[in-house]
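Comments concern the structure below.
All ligand and atom numbering here is 1-based and tracks the order in the structure. What you see below is based on every heavy atom in this structure, not just the backbone, and it leaves out hydrogens, waters and symmetry mates.
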Amino acid sequence: MGEQDGVPEHVLVVGAGLSGLRTVEGLRRAGYEGRISLVGAEEHLPYDRPPLSKQFLAGDWERDRIDLVGHDALDELGVRAHLGRAAVALRVGGEGQELELDDGTTLHADAIVLAVGVTSRLLDGQPSSAHLLRSVDESQALRDALNGASSLLVVGAGFIGAEVAGGALDRGLDVTVLEAGDVPMGRVLGPEVGALAARLISDGGADLRCGVTVTAFTDTGAELSDGTSVTADQIVVGVGGQLDLGWLESTGLNLSGGIPCDTQGRVEGLPGVWAVGDAAAWTDPLQGDRPRHEHWTSATDQAAVVSRAIAGAEPPPATVPYFWSDQFGMKLQLIGRPDLADGLLSLHGDGLDGGEIKGTVVGYLRGEELVAVVGFGAARRIARYRKPLADGADRAAVLEFRDTLG
Ligand SMILES: Cc1cc2nc3c(=O)[nH]c(=O)nc-3n(C[C@H](O)[C@H](O)[C@H](O)COP(=O)(O)OP(=O)(O)OC[C@H]3O[C@@H](n4cnc5c(N)ncnc54)[C@H](O)[C@@H]3O)c2cc1C
């Protein structure tokens, strides 16, 4: 074990999801010829999660369609996979890193990539009959349960909750959606655009109730904080992801905001350890803070940066955060960092003024600077705003740019 020319001989990737697999693939693509091991808590080979609340849940796609890789392809990449094994401890120092698995096995490596994602947050008193939606097994269980149901209660009007609600309405179910905040997705989109998201859900046919929480789950549904109750054949709880990093506590890292990383994914204070994906809090080179993105594209982009850095290859071009969600027949897309904004700029459509939602594009401004753009059913236009965003265009430049789009 050791390193030659700074390139490690054995890279160990912990977490066999999207970012873990993309790291492995990226290493080989960048010319890395050393040993690669992939440890994954799930029994499954890496699979894609977005379809779990969309095509797979709807029954439009079968299981094999969401696989990200097959056994043969993994063999061809020369990857030793340890599936169905969770990492339970990481020790760093001296001769490299040591990873302990839940079967007592110890693996040694001279570079470790943490790609462990997040788990679902649970509500107090949540019964085991309430569904969660993070793994393929959970999506399959919900898919089966919805087949025999006529009503669904969705707790949490986040992106996943809204997608599940829309899919269930398409199947003809009565759907109630509960949201603790004043509007759906308000933490990400802000109040005005969140209100637009609320309209999308209500117009789609769901009974959306905001500003309420579940006070008790019952055999037939749930009792709510406003004194009302909801009955439903099935319940889904979609109240966000949470970090599951207790096993890294002995590293001494402050993990409250995710695994703290520099701008390239190197974990702070742990030489030879990197982190990618939902659990990683990379330093934003422009803002200096450490946001964590639970986005498919960020997981992929970060894997490209880390795999190339480990292999000693040139870094890929910088990217802008991007997220999409398919709801109620519309693609909602978000580029940039709306969390930095203190104002909005209506760019296309009049959804913000109560008009048609489809085609609405809204900019987020921090002072005069464009920091994010969101679009509802406006895919072609949204793509065009990557450049002004990357350039940090100001209000006047953005409006001028908008006018060139017609
Ligand atoms: C239902 C659903 C729908 C989504 N839809 C969208 C969408 O429309 N658009 C979008 O941009 N994003 C979407 N996402 C988010 C996107 O899928 C994630 O951002 C992406 O999967 C993150 O990749 P990751 O590798 O960080 O984590 P994951 O893909 O979650 O993989 C992490 C893996 O690590 C494993 N693991 C955890 N701890 C350990 C351990 N100690 N030892 C070993 N293995 C461990 C886990 O079991 C898991 O398999 C969706 C997510 C879900 C759940």
For [atom], what's the nearest protein heavy-atom neighbour? Residue, atom name and distance, please.
atom                    : result
atom 15 (C) of ligand 1 : E294 O, 3.9 Å
atom 51 (C) of ligand 1 : R49 CB, 3.9 Å
atom 24 (P) of ligand 1 : S19 OG, 3.5 Å
atom 40 (C) of ligand 1 : A87 N, 3.6 Å
atom 7 (C) of ligand 1  : W324 O, 3.2 Å
atom 4 (C) of ligand 1  : P50 CA, 3.5 Å
atom 31 (O) of ligand 1 : G17 CA, 3.3 Å
atom 3 (C) of ligand 1  : S53 OG, 3.3 Å

May I ask you to list the atoms of ligand 1 that are less than 4.0 angstrom from any heavy atom of [X]?
X    : answer
A41  : 43 (C), 44 (N), 45 (C), 47 (O)
H295 : 11 (O), 19 (O)
G117 : 26 (O), 27 (O), 32 (C)
G277 : 26 (O)
F323 : 9 (N), 10 (C), 11 (O), 12 (N)
R85  : 43 (C)
A299 : 22 (C), 23 (O)

Closest contact, heavy atoms only, [X] versus [Y]:
X    : Y    : value
L208 : A157 : CD1-CB, 4.2 Å
V7   : A311 : CG2-O, 4.0 Å
L101 : A87  : CD2-CA, 4.0 Å
E369 : G392 : CG-O, 3.8 Å
A341 : Y364 : CB-CB, 3.5 Å
S346 : R402 : O-NH1, 3.6 Å

Hey, could you give me the OG1/CG distance between T263 and L286, rounded to the nearest 0.5 Å? 10.5 Å
Would you say R22 contacts ligand 1, with heavy atoms under 4.0 Å as the rule? no
Under 4.0 angstrom from ligand 1, any heavy atom of K54? yes
Just going by heavy-atom distances, which of F56, Y47, W296 is nearest to atom 16 (C) of ligand 1? W296
Among L52, L133, I160, L21, which residue places a heavy atom closest to atom 2 (C) of ligand 1? I160
Can you find an N/O atom of [X] closer than 3.5 Å to an N/O atom of ligand 1?
X    : value
S325 : no
D278 : yes
V14  : no

Hey, which of V273, N254, L248 is the one that makes side-chain contact (heavy atoms from CB on, under 4.5 Å) with I259? L248
Got more than 12 heavy atoms from elsewhere within 6.0 Å of CG, D103? yes
Does the pair L12 and Q97 meet the rule for a side-chain contact (heavy atoms from CB on, under 4.5 Å), with working shown? CA-CA 9 Å; L12 179 49; Q97 297 89 24; over 6 Å; no
R63 NZ/CZ over F56 ring centroid, <6.0 Å and within 45° of normal: no
Between R366 and Q287, do the side chains contain a donor N or O and an acceptor N or O under 3.5 Å apart? yes
Parallel, tilted or perpendicular: ring planes of W324 versus Y322, cut at 30 and 60 degrees: parallel
